[in-house]
Amino acid sequence: MPRLSVNGVELYYEDQGAGIPILGVHGTPSSAVMWADAATELALHGRCIIYDRRGFHRSAPHVPFRALDLVDHVNDAAGLLAALHVGPAVVIGRSSGGLIAIELARLFPDKVKALVLLEPALLTIDPAAASWARSLRRTVLERSEGRTVQLAEIMLREALGDAVWESLSNKLQKMFESTGAAVLAEINGHGMDLSEDALELSEAELAAIRQPTLIVSAENSPEACRLVNARLTGALPRTRTVVVTGGHLINPAHPAVLDFLDRIAADANSWA
C-alpha cells in the first residue's frame with residue numbers, strides 16, 4: 001500500500017489521474033475507503049489524491065493517539081501536498097474534512113486553488129448548530145464509555161440516524177469500527193467539531209478566505225448542516241451553492257462538483 005511519512009506519521013494515500021490537483025479529505029469517522037469510487041471519477045478531471053487521515057484506518061499507528069487536533073490534520077494535508085510536489089489543489093472536504101479544508105485554505109492559502117465543501121463541520125458558526133454539536137458530543141461520550149470499538153457506530157446513529165448505519169455493508173461497518181480510537185482522540189483534542197474547544201472563526205477570518213468555493217448541501221441532512229452552509233454562504237466572499245438529493249454522505253464526485261472542477265481547471269479567473 002502506498003504510504004508517505006508526513007510530519008512523523010505514515011499516511012496511506014492513493015494518487016491517480018493527471019491535470020489540476022484535487023485533494024479529497026474524508027470526514028469523521030471514515031477513511032479514504034469511502035472515496036474510492038468517487039476518486040476514480042475525479043481522476044478523469046484532474047490528478048486526484050485521497051488519503052486516510054492521521055489515526056484513521058490504514059494511517060492508524062499501533063498505539064492509538066491519545067489526542068488529535070485540527071492543526072495536526074491541517075499540517076498533514078499541507079505536508080502531503082508538499083511531499084507529492086503538488087501545486088495548489090482543489091480541496092474537497094466532506095463533513096469534518098470540510099472543516100480541515102477551510103482551515104487549510106486559511107493557514108496555507110498557497111496550497112489551495114479552490115474549495116468544495118460538502119456540508120463542512122464548522123458547527124460553531126451557527127448557535128443552533130453549535131448546541132447540536134455539544135449535545136452530540138455528550139451523548140457519544142456517555143454511550144461509548146469503555147466501548148471504543150462501538151464509538152463510530154454510536155456517532156453515526158446519533159448524528160445521521162439508524163438507517164445510515166444499517167445501510168452499510170459488513171465490510172464498511174468493520175472499517176468504521178476500526179476508527180473508534182481516532183474519533184475519541186479528536187474528541188479529546190482541540191479544534192475539531194466535537195472537541196470541547198471546537199474551532200471558531202470570526203467574520204473577518206472567513207472573509208479573508210478568497211478561494212472560489214462550492215458549498216454543497218443535501219436535502220435530507222441534519223438541520224445543523226443546512227444552518228452551517230447558510231452561514232458560510234454569507235461569510236465566504238466567492239461562493240456558489242448547490243442542493244443535492246440524499247443525505248450527509250454527499251458524493252464527492254457529484255455532477256455539480258465535477259462541473260465546478262472543470263470550470264476551475266478551464267479558467268480560475270472566471271470567479272474574479
Please collect all salt bridge (Lys or Arg N to Asp or Glu O under 4.0 Å) contacts where either partner lies in [range], sequence neighbours excluded, each pair once.
range: residues 214-235; value: Asp126-Arg231
range: residues 188-214; value: Arg106-Glu205
range: residues 159-169; value: Arg157-Asp162, Arg157-Glu166
range: residues 75-90; value: Arg54-Asp76

So do [Y] and [X] actually touch side chain to side chain, heavy atoms under 4.5 Å?
X: Met34; Y: Leu172; value: yes
X: Leu201; Y: Glu103; value: yes
X: Met192; Y: Leu68; value: no
X: Leu118; Y: Val257; value: yes
X: Leu70; Y: Ser195; value: no
X: Pro222; Y: Leu160; value: yes
X: Ile102; Y: Leu199; value: no
X: Leu23; Y: Val86; value: no

Donor-acceptor contacts under 3.5 Å from residues 35-43 side chains, at least two apart:
from  : atom 1 : to    : atom 2 : distance (Å)
Thr40 : OG1    : Ala36 : O      : 3.3

Which heavy atom in [X] sits nearest to a heavy atom in [Y], and how many Å separate them?
X: Val112; Y: Ala105; value: CG2-CA, 3.8 Å
X: His57; Y: Ser178; value: ND1-OG, 3.4 Å
X: Ser5; Y: Glu10; value: CB-OE2, 3.2 Å
X: Ser30; Y: Phe176; value: CA-CE2, 3.8 Å
X: Asp52; Y: Val33; value: OD1-N, 4.3 Å
X: Leu151; Y: Gly180; value: CD1-O, 4.0 Å

Would you tabulate the side-chain donor-acceptor contacts of residues 128-141 under 3.5 Å, counting partners in other chains and residues two or more places apart, or write 'none'?
from   : atom 1 : to     : atom 2 : distance (Å)
Arg137 : NE     : Leu194 : O      : 2.7
Arg137 : NH2    : Ile187 : O      : 3.3
Thr139 : OG1    : Ser135 : O      : 3.0

For His26, check ring-ring contact (aromatic ring centres under 6.0 Å, His included) against everything at least two apart and list the hits.
->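 With sequence neighbours excluded, His26 shows a ring-ring contact (aromatic ring centres under 6.0 Å, His included) to Phe56, given in chain and number order.
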
Same apolar cluster: [X] and [Y], side chain cutoff 4.5 Å:
X: Val91; Y: Leu261; value: no
X: Leu115; Y: Leu123; value: yes
X: Leu104; Y: Ile92; value: no
X: Leu107; Y: Leu117; value: yes
X: Ile154; Y: Trp165; value: no

Drop me the distance from Leu236's CG to Thr241's OG1, to the nearest 0.5 angstrom.
->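 With rounding to 0.5 Å, CG (Leu236) is 11.5 Å from OG1 (Thr241).
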
Roughly how far, to the nearest 0.5 Å, is CG of Asn220 from SG of Cys225?
->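 So the SG of Cys225 and the CG of Asn220 are separated by 11.5 Å.
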
Test side-chain contact (heavy atoms from CB on, under 4.5 Å) applied to Thr233 and Val228, Ile215, Thr213, the passing residue |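 Among Val228, Ile215, Thr213, the one that satisfies the side-chain contact (heavy atoms from CB on, under 4.5 Å) with Thr233 is Ile215.
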
Residues which pass salt bridge (charged side-chain N to carboxylate O under 4.0 Å, His left out) with Arg143, listed by chain and number, not counting sequence neighbours =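 With neighbours one apart ignored, the set is Glu158.
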
Backbone N/O of Tyr13 and side chain of Arg58: donor-acceptor pair under 3.5 Å |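 Pair absent, no side-chain N/O of Arg58 close to backbone of Tyr13.
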
Is it true that a side-chain atom of Asp72 and a backbone atom of Asp69 form a donor plus acceptor pair closer than 3.5 Å?
->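 Yes.
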
Pairing residues for Ser217 by the side chain to side chain donor-acceptor pair (under 3.5 Å) criterion, not counting sequence neighbours |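 Partners of Ser217 under the side chain to side chain donor-acceptor pair (under 3.5 Å) test: Asn229.
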
Could you give me the CA-CA distance, side-chain angles and deciding distance for His73 and Ser96, then say whether side-chain contact (heavy atoms from CB on, under 4.5 Å) is met?
-> CA-CA 10 Å; His73 292 308; Ser96 300; over 6 Å; no

Under 3.5 Å, side-chain donor or acceptor atoms of residues 242-253 against the rest of the protein: list the pairs with distances, not counting sequence neighbours.
from   : atom 1 : to     : atom 2 : distance (Å)
His248 : ND1    : Glu119 : OE1    : 2.6
His248 : NE2    : Ser95  : OG     : 2.9
Asn251 : OD1    : Ala253 : N      : 2.9

Using residues 14-22 as the side-chain source, report each donor-acceptor pair under 3.5 Å to any protein atom, sequence neighbours left out, with the distance given to one decimal.
from  : atom 1 : to    : atom 2 : distance (Å)
Glu14 : OE2    : Tyr12 : OH     : 2.5
Asp15 : OD1    : Arg47 : NE     : 3.1
Asp15 : OD2    : Arg47 : NE     : 3.2
Asp15 : OD2    : Arg47 : NH2    : 2.6

Who passes side-chain contact (heavy atoms from CB on, under 4.5 Å) against Ala114, sequence neighbours left out?
->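 With sequence neighbours excluded, Ala114 shows a side-chain contact (heavy atoms from CB on, under 4.5 Å) to Val90, Pro212, Phe260, Ile264, given in chain and number order.
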
